[in-house]
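Worksheet: the structure to be examined is printed underneath.
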Amino acid sequence: MTSAAPGGTLTLAEGLTLSRMGYGAMQLAGPGVFGPPKDRDQALTVLREAVERGITHIDTSDYYGPYVVNELIREALHPYPSDLCIVTKVGARRDETGAWLPAQSPEDLTAQVHDNLRHLGLDALHVVNLRIPSFEGPSDDSVAEQFGTLADLRRQGLIRHLGLSGTTDTQLTEAQAIAPVVTGQNLYNLANRKDDALVDRCAAENIAFAPFFPLGGFQPLQFQTLADTATELDASPQQVALAWLLQRSVTTVLIPGTSSPAHLRENIAAADLSLPADAVARLDAMSG
């Protein structure tokens, strides 16, 4: 029996419901998101505990490992609970050294969708995000061909819902003219708020916004204001940063990753942390 969804749930178009506190499975792979985990049994334990604690939203991709993470998800959780939503990404592949390579042709994207289906053990993928290659920096390159390919696969019944990862406002508008967009993923956290306007647009249009690197990415967030606020609230700085994101927008969903059961429980607890108005004001005033 699972617990109530931490942080509550968010219902999107066509009845898609996500727990606002999700779980990002990327860190279950080996170093550099490449190869097998150091502790396979612990990786399986983390996945099972996430679901037991009410998380119904798992973020993954077949290029994590590659294949390793999706195979772990299948081993740990299949047959899947009826309310579990697995959100995956396509648009890249890995070479033998672990380098990330764009893979955006219609043939590549179609093959990646079938790879995800096979490794996850699904007949239809719940949500597929198109990973836009220029997510490291702003670009309004057209996504019409790529998103159109995924929309065709959706019409074939291989995908239920579509989203974007690393999108600009212009690309979101372009994609919406092709098919409904239910999720967006961009780099966003206390230190990096370049996408404030996009966060607000997603809230206005009932699109789930999942900030990746919610704790700062490869360099953890370290600000005195954050540390002081955490001390006042008897919480960790990481919990405060996650709680701020949840309170930032009604359609924010979180996908913090970890391979540690203790860290998983700490992240989930952030969903119950209510930040008082004065703390939010101080955090809002921080600059990266």
Side-chain angles (χ1 to χ4, degrees), residues 7 10 18 20-27 32-33 57 59-61 64 87 89 91-92 100 102 129-141 143 163-173 175 181 183-205 207-230 233 235-258 263 266-267 270-271 273 275 279-288:
L10 175 64
L18 305 174
R20 293 192 68 204
M21 176 60 76
Y23 171 69
M26 181 176 73
Q27 293 186 28
V33 200
H57 171 201
D59 180 82
T60 186
S61 176
Y64 293 163
V87 179
K89 290 176 289 297
W100 304 78
N129 286 321
L130 173 66
R131 178 187 189 268
I132 298 170
S134 57
F135 80 97
E136 293 88 351
S139 170
D140 278 330
D141 292 345
V143 297
L164 297 166
S165 179
T167 184
T168 66
D169 187 76
T170 298
Q171 289 166 334
L172 173 57
T173 299
V181 175
T183 62
Q185 297 182 344
N186 275 35
L187 172 61
Y188 188 82
N189 54 50
L190 270 169
N192 189 323
R193 304 185 207 169
K194 295 177 182 177
D195 282 325
D196 267 334
L198 187 63
V199 173
D200 292 337
R201 175 180 174 180
C202 286
E205 298 180 15
I207 297 170
F209 182 86
F212 56 75
F213 298 145
L215 299 175
F218 300 110
Q219 296 297 324
L221 295 175
Q222 293 184 0
F223 293 101
Q224 193 60 49
T225 300
L226 178 59
D228 291 345
T229 302
L233 298 176
S236 71
Q238 292 82 4
Q239 288 175 320
V240 171
L242 292 173
W244 179 85
L245 285 166
L246 279 177
Q247 291 185 218
R248 168 64 181 82
S249 165
V250 294
T251 62
T252 295
V253 292
L254 299 184
I255 49 172
T258 181
H263 190 197
E266 180 180 327
N267 288 340
L273 181 60
L275 302 179
V280 172
R282 292 197 304 270
L283 295 168
D284 285 349
M286 288 170 47
S287 60

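Numbering starts at 1 and runs along the sequence shown. Just so it is clear, the values below take in all heavy atoms, side chains as well, and ignore hydrogens, waters and symmetry mates.
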Separation of Leu198 CG from Phe209 CZ (nearest 0.5 Å) | 5.5 Å
When rounded to the nearest 0.5 angstrom, what distance separates OG in Ser165 from CD1 in Ile132?
->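 Between Ser165 OG and Ile132 CD1, I get 7.5 Å after rounding to 0.5 Å.
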Sequence neighbours excluded, which residues qualify as side-chain hydrogen bond (donor to acceptor under 3.5 Å, both in side chains) partners of [X]?
X      : value
Gln27  : none
Thr60  : Asn70
Tyr188 : Asp196, Arg248
Thr173 : Arg201

Return the set of residues passing side chain to side chain contact (heavy atoms under 4.5 Å, CB included) with [X] (not counting sequence neighbours), or none when no residue passes.
X      : answer
Ala208 : Leu10, Leu12, Leu18, Thr183, Val253
Val280 : Gln247, Leu275, Asp284
Ala227 : Gln224
Ser236 : Gln238, Gln239, Glu266

How about [X] and [Y]: do any of their side-chain heavy atoms sit closer than 4.5 Å?
X      : Y      : result
Phe223 : Leu283 : no
Pro256 : Met21  : yes
Ile207 : Leu172 : yes
Asn189 : Pro211 : no

Which is it for Gln185 and Asp59 under the side-chain hydrogen bond (donor to acceptor under 3.5 Å, both in side chains) test, yes or no, and what are the steps along the way?
-> CA-CA 11 Å; Gln185 297 182 344; Asp59 180 82; 2.6 Å; yes
Is there a donor-acceptor contact under 3.5 Å from the side chain of [X] to the main chain of [Y]?
X      : Y      : answer
Gln171 : Thr168 : yes
Tyr23  : Leu254 : no
Asn129 : Lys89  : no
Arg20  : Leu246 : yes

Residues forming a salt bridge (Lys or Arg N to Asp or Glu O under 4.0 Å) with Asp228, sequence neighbours excluded |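 Scan of Asp228 (salt bridge (Lys or Arg N to Asp or Glu O under 4.0 Å), adjacent residues dropped) gives none.
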Minimum heavy-atom distance Asn267-Gly257, with the two atoms named |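 It is ND2-O, 4.4 Å.
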Could you pull out the closest heavy-atom pair between Ala175 and Leu164, with the gap in Å?
-> CB-CD1, 3.9 Å
